[in-house]
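These numbers were taken from a predicted model, which means no experiment stands behind them. Both backbone and side-chain heavy atoms feed into the values below; hydrogens, waters and symmetry mates do not.
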Amino acid sequence: MAAAAHLLKKLVSQTAVYGVSAILSKFLNYLLTPYLTRILSEEVYGQVNLLYGIIPFANVVLTMGLATGYFRYAAKCQTRGEKQRLFTTTWGAVAGMALLFGVVMALGNGSLAETMRLDPACIAAMTALIVVDNIAAIPQAALREQGRAVYYTIVNVTGVAVNVTACVLFYTYVPGAAESPLWVILANLLASTVSLVLLLPAVRKLVSSAFSFRLLRGIFTYSIPLMMAGIMGVAGDFIDRQLIYFMLPVEVADAELGVYTAVAKIAALLMIFRQIYTLGAEPFFLQGFSKEEFREANAAATKYFTIAGIAIFLLLALFSREFGYIVGSDFRSGMGVLPLLLLANLLAGILVNLSFWYKAADKTRVAIYITGLGVAVTVVLNVALIPSMGYRGAAVARVVSMLLMVVVSYLLCRKYFPVPFDLRRIGFYFLFGGALFGLSRATALLPDGGRIALNFLLLLIYLLTAYRMELGRKRGTVL
């Protein structure tokens, strides 16, 4: 347990360092949500998020899982030359694929724009953004692997600041800009280009002429299953947007998608916590610990992640009326699905913790089975529920899919790579958090002052209970 405590302390320290970068950049970027939902209609905002539903999918395909593979293989490099060969090989492969993608998309721009009912300029801007982001992917991974958190922070925060500033300027001074999603994408493209320029000096010493097809084949063996799982995972996360857009009647599809994605931006506050954790945890858990050290650290990290995740869930769910002011008034009709989207994001974070065992054990093929099952369930439930329930059906489908993947990943972990997860404590926190959330529903009819006070009390009860239980455990007290 002492080893696990030491490793967990190291993980917390590493996550905190990257958390500063992520919090700053995500907060700045988050400022666009209240701004855009007040100047764009539900229809145009829906189109913005339709495009942003495609970008992560393309990014996963084009990086080919090589960013995670870079972490794994970097831990095995013994010399500077080996590290240079690894960087040059992975960066060359990803950048080459990105440029090829750009050429193919340029040839099919018109037909794709017609299919998606969008301006061809939007598709062109989206394509350029994807190309730039993927050229930057391996340099970003290299910064994380080297532990250059300050430089990483400067790059990310600068990029987001450019994004926010450019977006506001475009929609303030370009005539008729509010009628198109184009300017959101162009602002992001400008920001990503600036970030890429800032990245290049930091990794120039890693570039060499030592591109190795043999090394690339080896990394592909490890990374391709992660890519396939990533494709299916992103599809599971974003396919509901596409299905809402194409399955609902044209006259309501854009608006429904706009409302759904606006509420999802509020739920994304919990997803940001997951992303911050992943930034530190992924390189940490792939460093090559002994099996016993890994198991103890993974079990402890999962429990504490769950405790923190439920606290964030309660904060956002109990005060959903207040957080609803993040988006424009036209978008608040969808706040009823916020608890479902929050729960889905919490489960997705637990799934991240349940993915490290097969990555560390080089059993990445397992990821395909887990995410494949999740995507299948997501598609089936969305197709069944969206026509009658609209975006509410999409929210239900997301929760069911995430829950199923968590259960399957845990069962496979228990069979092939047993980790001593504290299921009793984790289960207690879920039940206790759920009970407090249920109690909070009774405060909905109270005056605002009383409702806020009682909900704050419920949140405080959860935090104090978790603190006492975990502190008591460290002292050897059974609570």
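- Inter-residue side-chain proximity for Y52 and I185 is flagged as met; some heavy-atom pair is nearer than 4.5 Å.
- Contact annotation: the side chain of Y391 never approaches that of L248 to less than 4.5 Å [non-hydrogen atoms, C-beta and beyond].
- Put simply, the side chain of T261 gets close to the backbone of G258: a donor and an acceptor are under 3.5 Å apart.
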Verify side-chain contact (heavy atoms from CB on, under 4.5 Å) between L100 and L62, making sure each step is shown before the conclusion. CA-CA 10 Å; L100 178 61; L62 296 177; over 6 Å; no

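- With S401 as reference, T378 is the one residue of T378, N382, T371 to meet the side-chain hydrogen bond (donor to acceptor under 3.5 Å, both in side chains) rule.
- Within a 6.0 Å sphere centred on CZ of F456, other residues, nucleotides and ligands contribute 12 heavy atoms or fewer.
- Put simply, the side chain of L216 reaches to within 4.5 Å of the side chain of L66, judged on heavy atoms.
- No donor-acceptor distance shorter than 3.5 angstrom exists from the side chain of T127 to the backbone of M105, with no hydrogens or angles considered.
- No donor-acceptor pair under 3.5 Å is formed between the side chain of R295 and the backbone N or O of P420.
- In this structure, R241 is not positioned above the aromatic face of Y260 in the sense of NZ or CZ being under 6.0 Å from the six-membered ring centre and within 45° of the axis.
- From I386, atom CD1 reaches atom CZ of R392 across 12.5 Å, with rounding to the nearest 0.5 Å.
- Once rounded to the nearest 0.5 Å, the distance linking CZ of F430 with CD1 of I310 reads 4.5 Å.
- Contact annotation: the side chain of L50 approaches that of L118 to within less than 4.5 Å [non-hydrogen atoms, C-beta and beyond].
- Between the side chain of Y45 and the main chain of F331, no donor-acceptor pair closer than 3.5 Å is present.
- Side-chain atoms of N353 never come within 3.5 Å of backbone atoms of N298 as a donor-acceptor pair (strictly under, hydrogens ignored).
- Rounding to the nearest 0.5 Å places CG of L129 at 4.5 Å from CD1 of I55.
- Between N188 and V184, the closest side-chain pair of non-hydrogen atoms is not below 4.5 Å.
- D119 contributes no side-chain N or O that, together with a main-chain N or O of L182, makes up a donor-acceptor pair within less than 3.5 Å.
- Note on ring orientation: taking the six-membered ring where Trp is involved, the planes of F432 and Y462 are parallel (angle under 30°, cut-offs 30° and 60°).
- When side chains are defined from C-beta on, C167 counts as touching L36, because their heavy atoms get closer than 4.5 Å.
- Distance check: L269 CG to I312 CD1 gives 8.5 Å after rounding to the nearest 0.5 Å.
- Atom CG of residue L458 and atom CG of residue L315 lie 12.5 Å apart, to the nearest 0.5 angstrom.
- Rounding to the nearest 0.5 Å places CG of L373 at 11.0 Å from OG of S409.
- Under the 3.5 Å distance criterion, the side-chain polar atoms of T172 are matched with a main-chain donor or acceptor of V168.
- In terms of modelled atom types and a separation under 3.5 Å, the side chain of N455 and the main chain of F319 share no donor-acceptor contact.
- Between R451 and E322 the shortest side-chain heavy-atom distance falls below 4.5 Å.
- Looking at I307 and R425, their side chains never come closer than 4.5 Å, going by heavy atoms from C-beta outward.
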Between L423 and Y410, does a side-chain contact (heavy atoms from CB on, under 4.5 Å) hold up when you go through it step by step? CA-CA 11 Å; L423 296 184; Y410 168 73; 3.1 Å; yes

